[in-house]
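Note that this is a predicted model, so its numbers are computed, not measured.
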Amino acid sequence: MGAGYWISRYLLASGILFIILAVVEYSKGTATQTDILSALAWSLVASAIFIGSKYWRYRKAVACAVCSGDAPKAKSR
């Protein structure tokens with residue numbers, strides 16, 4: 001997975017999070033330019049942490065316990 005893959009994932013995550021935060025600000029009725037810039041900043045930071053942790057796990061080859069596909073072993077009687 002190259003740099004383009006991780007950049008596109010980051011942009012997708014930050015875009016979706018910005019839309020969610022902007023909609024919340026508009027629904028509160030307090031959507032000023034400062035609120036929108038705050039939503040943008042929070043979406044960029046949160047997406048960087050999210051994608052950074054995914055990249056770190058990818059580089060360390062840490063297996064996901066949920067995604068491993070291993071069925072739980074049945075107890076023998």
Point-to-point distance, once rounded to the nearest 0.5 Å, from [atom1] of [X] to [atom2] of [Y]:
X	Y	atom1	atom2	result
I49	L44	CD1	CG	11.5 Å
I7	I51	CD1	CD1	11.5 Å
L21	S14	CG	OG	11.0 Å

Next item on the list: Measure the shortest side-chain to side-chain distance between F50 and V45 over non-hydrogen atoms and say whether it is less than 4.5 angstrom.
Entry: no
Salt bridge (charged side-chain N to carboxylate O under 4.0 Å, His left out): which pairs involve [range], sequence neighbours left out?
range	answer
residues 39-52	none
residues 37-53	none
residues 16-30	E25-K28

Notebook entry, point to check: Does any pair with a residue in residues 4-23 pass ring pair (Phe, Tyr, Trp, His ring centres under 6.0 Å), and if so which ones, sequence neighbours excluded?
Noted result: W6-Y55, W6-Y58
Next item on the list: Please collect all side chain to side chain donor-acceptor pair (under 3.5 Å) contacts where either partner lies in residues 38-49, sequence neighbours excluded, each pair once.
Entry: none
Item checked: Residues which pass side-chain contact (heavy atoms from CB on, under 4.5 Å) with I16, listed by chain and number, not counting sequence neighbours -> L12, I20
Checklist line | Which residues share a side chain to side chain donor-acceptor pair (under 3.5 Å) with S53, sequence neighbours left out | finding: none
